[in-house]
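No hydrogens, no waters, no symmetry mates; every other heavy atom, side chains included, goes into these values. As the structure lists them, so they are numbered: ligands from 1, and atoms in each ligand from 1.
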Amino acid sequence: MPVDKIACHCCDLIQEVTELQPGFKAHCSRCGHLLTAKTEHALDKAAAFAASALLFLLLSLPFPFMAFQSQGREQEISLLQSAYDLFDLGFPFLALILSLFILLIPALMLSAYLAVLLPLKMGRCYPWMYTITRGLFTLHPWGMAEVFLIGVLVSLVKIAGMADLVIGMSFWAYVLFSICLTATITSMDKLQLWHTLDSYSGNIRQQPQISSGSALDNGFQSCHHCHLLHRHEEIHCQRCGSKLHPRIPDSMQKTWAYLITAIVLYIPANTYPIMNTTLLGADDPSTILGGVVLLWQHGSYPIATVVFVASILVPIAKMLSILWLAYSVQAEHQHRLEERTWIYRMTELVGRWSMIDVFVVAVLVSLVQIGDIVSIQPGIAATAFAGVVILTMLSAHSFDPRLIWDNLNPQEMDAVNQGTEPLNDLLDKIR
Ligand SMILES: [Zn+2]
Ligand SMILES: [Zn+2]
């Protein structure tokens with residue numbers, strides 16, 4: 001890859017990216033978005049981490065994950081069993097969230113990584129690997145292994161005083177799986193993987209004869225999946241085969257629809273109990289905020305802060321941010337472009353972490369079921385809150401950040417472009 005022309009995913013500015021040295025990354029010269037990064041021996045590292053992650057994920061299934069002992073009785077759970085128990089107890093939505101986000105999607109991601117990386121390591125590239133790579137990056141935001149682990153940690157603190165807890169072998173296997181999955185994702189950059197596929201299959205992509213301005217103004221559109229530039233009249237991406245659009249179709253309508261539904265659901269998510277603990281026949285329902293207050297009163301200050309930030313601060317900040325972004329695009333604001341793009345990136349990055357409290361409920365409900373001694377049931381707020389998190393994530397995914405920059409009039413566009421530094425000056429050393 002001597003020089004590659006790409007349009008920034010966040011602001012649509014056309015830029016030339018020269019071949020990176022391992023350890024370097026390239027940022028957009030206008031909005032600062034990370035365009036690509038290169039890791040040394042990326043293919044070897046990503047393949048090794050993906051294989052290890054899949055092995056640890058399989059090892060985390062058959063053994064006990066955690067056990068809960070109270071008054072001589074014990075409840076032991078495994079990951080598969082807890083999803084099944086939730087379904088059996090009449091909570092199919094929580095069972096679906098647990099099995100999908102912490103097991104099925106990560107397993108699919110790892111299988112896709114291996115299906116692409118192993119043939120590449122043997123110097124082979126087949127056309128179907130392009131389709132798999134496209135699917136792989138679509139799944140990325142929905143894999144929530146590390147969020148689940150924080151949820152497990154919070155669950156342990158919440159019931160630590162109630163009974164004895166035993167950590168099983170599957171728990172440690174899941175921790176190792178989560179670390180290896182994160183290492184796989186960070187080793188292999190998205191754009192670098194697309195370039196590796198092209199170089200192994202011998203595909204040389206034509207570079208358009210443009211070097212400034214936005215792709216849209218130059219009559220080009222960037223593939224949403226692999227970022228290859230195409231002329232406006234082209235319908236399907238030559239590299240990954242996906243349908244091309246200059247901007248996300250109906251971006252604003254979808255963003256508003258998901259956002260308004262999330263705001264409406266946020267009311268029952270906070271006013272109704274998220275779970276109900278029955279201890280020796282006495283009910284003790286607790287809301288999200290009530291749970292935070294209880295953790296604080298028991299002296300678990302760091303955990304209380306984590307839950308407060310993830311369950312209360314982040315969802316509110318996220319909904320307000322999307323509200324402001326959507327409003328400012330429709331009101332055609334021409335100021336604070338970089339700040340608004342940064343807020344969009346943060347909104348996308350932190351959204352999934354709000355799922356912590358939903359995982360806490362799922363773990364506690366499947367773990368704490370000891371007949372009439374003690375049991376935990378999920379409240380209506382757990383479903384509503386999971387809905388809020390998923391809807392705000394969909395709302396952020398539907399928002400096209402390039403619309404922020406489309407409002408810029410030509411004079412201001414020139415001023416912004418003149419103020420930018422050449423991209424090569426902005427290459428940062430990772431270490
Ligand atoms: Zn940019
Ligand atoms: Zn493509």
Using ring centroids (six-membered ring only for Trp), state whether Tyr327 and His333 fall under 6.0 Å. yes
Tell me, please, if Cys10 has any N/O/S atom, main chain or side chain, under 2.8 Å from the Zn ion (ligand 1)? no
Heteroatom test (N, O or S) for His33 near the Zn ion (ligand 1), limit 2.8 Å: no
Please determine whether a side-chain nitrogen of the Lys or Arg among Asp12 and Arg247 lies less than 4.0 Å from a carboxylate oxygen of the Asp or Glu. yes
Report the angle formed at the Zn ion (ligand 2) by atom SG of Cys240 and atom SG of Cys226, rounding to the nearest 10°. 120°
Here the gap from Cys223 atom SG to Arg239 atom CZ, rounded to the nearest 0.5 Å, amounts to 8.0 Å
To 10°, measure the SG(Cys11)-the Zn ion (ligand 1)-SG(Cys8) angle for me. 110°
Counting backbone and side chain alike, does Cys31 bring an N/O/S atom below 2.8 Å of the Zn ion (ligand 1)? yes
Residues Lys38, Glu19: salt bridge by 4.0 Å N-O rule: yes
Is NZ or CZ of Arg124 both nearer than 6.0 Å to the six-membered ring centre of Tyr200 and within 45° of the ring axis? no
Regarding His225, does it place an N, O or S atom less than 2.8 Å from the Zn ion (ligand 2)? no
Short N/O/S contact of His224 with the Zn ion (ligand 2) (below 2.8 Å): no
Between His227 and Ser222, is there a donor-acceptor pair closer than 3.5 Å when you use the side chain of the first and the backbone of the second? no
